[in-house]
Amino acid sequence: MAAPTLMQCLVAISLLSCVTHAQLSTTFYASSCPNLQTIVRTAMTQAVSAEPRMGASLLRLFFHDCFVQLGGPTWTVYLGRRDARTASQSDANANLPGPGSSLATLVTMFGNKGLSARDMTALSGAHTIGQARCATFRDRIYNDANINATFASLRQQTCPQSGGDAELAPIDVQSPDLFDNAYYQNLMSRQGLFHSDQELFSGGSQDALVKKYSGNAGMFAADFARAMVRMGAISPLTGTQGEVRLDCRKVN
Ligand SMILES: *[C@@H]1O[C@H](CO)[C@@H](O)[C@H](O)[C@H]1NC(C)=O
């Protein structure tokens, strides 16, 4: 299960800890909270069974935290990231690529955070789970050329040209609740939901990698895990920097 190990990071950042170390470590809570993994795994299992979208929501939260995270791979999470004492919507908008982004923008924005194009393409595979609002893919299903016509018609049925902004559609048309490599197979049949997804397979630099991931689930899993570790290490606040938020939505 990928989501529980992911949650180890997420809950770790929101757990009160008496210790302060100056860097991330996989054993950060070994003495202050030795049962952390069990506690997080149990809470995560309950959260996902109550609301299946929670896995995708937490993947997204981890992404947002590290850039401004149901199956699948596991990896050893570096713990001890602390929360910022500030929050900025404009910084978030400036640092996070939107669903209409071009390949060049995706490569640049990930590059700005020290992540390679390969990391970016692997991390995009997180779109193998989760759902998206009509407002985020409307332009693609009505106006994009690089889209499977059957798929466009299917999505248009529940995402009208005007209104219905909040209508949801699965990001992975094949297996919306499974963490697998179907996302890349979808791109090859022009069934990426976001414009930014399809950009990874549109005659550009990432086509070859998408093709590899689509046929090699193990390669995708290994690259995804490696890239998640790299993303988790982006400009961390550690030691006495920042704070541990009591409510992750707002500063203490
Ligand atoms: C369009 O999607 C369908 C599945 O809905 C697939 O069978 C077909 O091959 C796709 N067409 C193209 C051109 O990729």
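Counting starts at 1 for both ligands and their atoms, following the listed order. Computed over heavy atoms, backbone and side chain alike; hydrogens, waters and symmetry mates excluded.
Among residues two or more places apart in sequence or in another chain, the ring pair (Phe, Tyr, Trp, His ring centres under 6.0 Å) test is passed with Phe151 by none. Annotation: ring pair (Phe, Tyr, Trp, His ring centres under 6.0 Å) contacts of Tyr213 (sequence neighbours excluded): Tyr184, Phe220. By the side chain to side chain contact (heavy atoms under 4.5 Å, CB included) test, Thr150 is found to be paired with Asn148, residues two or more places apart in sequence or in another chain being considered.
Under the side-chain hydrogen bond (donor to acceptor under 3.5 Å, both in side chains) test applied with Gln174, the options Thr128, Asn186, Asp180 reduce to a single match, Asn186.
Annotation: Gln89, atom CD; neighbour count of heavy atoms from other residues, nucleotides and ligands within 6.0 Å does not exceed 12.
Closer than 4.0 angstrom to ligand 1 by heavy atom are Asn148, Ser189, Gln191, sorted by chain and number.
Summarising the geometry, atom CE belonging to Met44 is positioned 14.0 Å from atom CD belonging to Gln37; distances are rounded to the nearest 0.5 Å.
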